[in-house]
Amino acid sequence: MAAQILDGRRIAAEIRSEVAERARVLSRTGVRPGLGVVLVGDDPASHVYVRMKTRACEEAGLHARDITPPADIGQADLLSIVDELNADPEIHGILVQLPLPRHLDEREVTERIDPSKDVDGFHPVNQGRMAQGDPHAFRPATPAGVQELIRRTGVDTSGAHVVIVGRSNIVGMPMSQIMLQKDPGANATVTVAHSRTRDLGAVTRQGEILIVAVGRPEIVRGDMVREGAVVIDVGVNRVEDPSLERGYRLVGDVAFDEAAERASWITPVPGGVGPMTIAMLLRNTVTSAERIGRMATAGAAPAAG
Ligand code: NDP
């Protein structure tokens with residue numbers, strides 16, 4: 001294997017310890033950063049994920065408040081929960097775990113979150129400000145984590161051709177906006193590929209940095225990777241594996257062994273992008289607490305995002 005491993009677990013641990021230090025500084029002013037997490041229904045995988053977030057918060061000195069309404073909660077009651085968190089002075093970040101059950105209007109719920117507490121970065125105010133290059137807008141945790149991974153390898157993105165596969169609102173689209181910013185960790189030339197792209201391999205082979213967020217196991221094969229590329233695999237897919245007791249294993253969207261023969265850096269799955277997502281969420285929450293604290297001292301309401 002030629003590629004070096006981009007170790008998301010190690011880098012995420014570094015970020016969590018930076019967050020813990022900032023939380024300690026804040027605690028001297030009597031502020032404990034708080035994250036409110038709303039998880040509707042009883043999907044076991046979502047509960048595991050939310051427990052991981054809660055534990056990570058507590059380890060970093062943040063306060064986490066989980067609210068777990070039943071799957072049949074009505075829209076008005078869910079909006080009331082968001083209103084309550086918006087008004088709660090101990091809560092600085094709000095996350096509503098998506099997707100919501102089909103009878104609920106996700107857009108209305110997302111837009112109800114106070115943009116200054118929108119640490120998931122999905123509110124249109126934050127998305128719009130990010131698209132306009134505002135460095136203070138909260139950025140969605142997964143693409144922000146990808147940028148941080150790239151930054152911490154020391155790989156220079158300025159002028160580099162970044163190819164992103166996937167254009168979802170959660171990953172691919174904000175990823176493209178982040179890499180386009182006039183910002184030392186970005187300044188890239190960006191191409192976005194998706195399901196309608198003709199000859200995907202011809203596009204991905206142009207990527208000096210290749211970011212893949214599709215959700216299809218190993219769709220990017222080794223011969224689709226440019227020699228020396230930095231490869232970031234956002235995908236997490238379960239594939240059957242009867243040799244394991246649990247009956248499945250996790251693989252990314254990139255055929256790891258093949259791609260590692262050509263790449264210079266590559267993220268593993270698991271242990272690459274995944275741990276970064278939670279770390280960036282904690283970082284946004286502590287940033288929000290710092291801003292709200294500063295605004296309270298200055299006697300003003302916090303600006304959005
Ligand atoms: P979506 O399903 O929302 O988007 C997938 C994107 O891939 C779409 O833009 C789609 O194109 C594109 N696509 C689908 N098939 C192809 C194809 N054959 N060739 C090229 N492009 C294709 O997924 P998400 O963005 O939400 O997630 C992507 C992956 O990342 C998933 O595996 C998910 O589990 C993982 N993920 C991991 C996170 C982490 O923390 N590690 C966080 C979030 C997601 P089109 O728009 O044309 O339909």
Side-chain angles (χ1 to χ4, degrees), residues 5-13 15-16 37 39 43-46 48-53 56 95-100 106-107 110 119-122 127 138-150 162-179 190-207 210-221 223-225 231-239 248-256 259 266-284:
I5 298 293
L6 243 172
D7 185 348
R9 285 202 181 99
R10 183 182 58 74
I11 297 171
I15 292 169
R16 289 202 311 271
V37 181
L39 171 57
D43 174 54
S46 295
V48 169
Y49 188 49
V50 166
R51 265 200 304 279
M52 282 164 61
K53 287 177 182 170
L95 179 154
V96 178
Q97 187 71 39
L98 302 178
L100 293 171
E106 257 178 34
R107 183 188 292 257
T110 304
V119 290
D120 236 356
F122 293 151
Q127 295 209 330
F138 285 122
R139 295 173 169 198
T142 300
V146 169
Q147 183 189 34
E148 195 65 36
L149 272 179
I150 297 168
V162 173
V163 172
I164 298 162
V165 190
R167 57 175 167 180
S168 72
N169 284 332
I170 293 176
V171 190
M173 192 69 80
M175 190 77 249
S176 66
Q177 290 165 345
I178 286 173
M179 296 315 295
V190 179
T191 298
V192 183
H194 46 78
S195 68
R196 305 297 169 91
T197 297
R198 281 193 294 273
D199 195 352
L200 184 62
V203 177
T204 56
R205 270 190 294 277
Q206 294 176 38
L210 175 61
I211 302 168
V212 189
V214 172
R216 304 212 171 182
E218 303 186 335
I219 185 174
V220 170
R221 310 303 309 189
D223 64 0
M224 295 165 72
V225 173
V231 177
I232 310 283
D233 189 353
V234 183
V236 183
N237 309 286
R238 280 185 182 197
V239 295
Y248 70 89
R249 69 195 156 86
L250 294 180
V251 299
D253 290 346
V254 176
F256 180 88
I266 189 166
T267 54
V269 176
V273 175
M276 295 296 290
T277 299
I278 292 180
M280 300 308 285
L281 180 72
L282 300 191
R283 189 158 96 170
N284 279 350

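Atoms within each ligand, like the ligands themselves, are counted from 1 in listed order. Positions are given from 1, in the same order as the sequence printed here.
- With rounding to the nearest 0.5 Å, the separation of OG1 in T204 from CD1 in I219 is 10.0 Å.
- Given atom 25 (O) of ligand 1, the protein heavy atom at minimum distance is S168 OG, 2.5 Å.
- Just one of V254, I164, T267 meets the side-chain contact (heavy atoms from CB on, under 4.5 Å) condition when paired with V212; it is V254.
- Selection from V192, V171, I278, L250 by nearest heavy atom to atom 44 (C) of ligand 1 gives V171.
- Heavy-atom contacts of G274 reach the following atoms of ligand 1: 40 (O), 41 (N) (cutoff under 4.0 Å).
- A distance of 8.5 Å separates OG1 of T277 from NZ of K53, quoted to the nearest 0.5 Å.
- Not a single heavy atom of A193 sits closer than 4.0 Å to an atom of ligand 1.
- In this structure, the protein non-hydrogen atom closest to atom 33 (C) of ligand 1 is V236 N, 4.3 Å.
- For atom 30 (O) of ligand 1, the candidate residues are V234, N169, I170; the nearest heavy-atom contact is made by V234.
- Residue-environment remark: CZ (R221) exceeds the threshold of 12 foreign heavy atoms within 6.0 Å.
- When each atom of ligand 1 is checked for a heavy atom of G166 under 4.0 Å away, the hits are 6 (C), 7 (O), 9 (O).
- The two residues M276 and L149 make their nearest non-hydrogen contact at CG-CG, 3.7 Å.
- For ligand 1, the polar-atom distance check against S195 finds a nitrogen or oxygen pair separated by under 3.5 Å.
- Here T142 has side-chain heavy atoms under 4.0 Å from ligand 1, and that is the only part of it that gets that close.
- Comparing L281, D233, T277, T197 by heavy-atom distance to atom 40 (O) of ligand 1, the nearest is T277.
- D120 contributes atom CG, which lies 8.5 Å from atom OG1 of T110 (distance to the nearest 0.5 angstrom).
- Heavy-atom proximity to G215, at under 4.0 Å, picks out these atoms of ligand 1: 28 (C), 29 (C), 31 (C), 32 (O).
- Within ligand 1, the atoms closer than 4.0 Å to a non-hydrogen atom of I219 are 17 (C), 18 (N), 19 (N), numbered from 1 in the order shown.
- Atom 46 (O) of ligand 1 has its nearest heavy-atom neighbour, among R167, M276, H194, in R167.
- Under the side-chain contact (heavy atoms from CB on, under 4.5 Å) test applied with V220, the options V214, D233, L210, V231 reduce to a single match, L210.
- Rounded to the nearest 0.5 angstrom, I15 CD1 and R283 CZ are separated by 5.5 Å.
- R249 places no side-chain N or O within donor-acceptor distance of the main-chain N or O of V239, the cut-off being under 3.5 Å.
- One N or O on the side chain of N237 and one on the backbone of G252 form a donor-acceptor pair closer than 3.5 Å.
- Under 4.0 angstrom from ligand 1, the non-hydrogen atoms of R216 all belong to its side chain.
- The protein heavy-atom contact nearest to atom 23 (O) of ligand 1 is V214 O, 4.2 Å.
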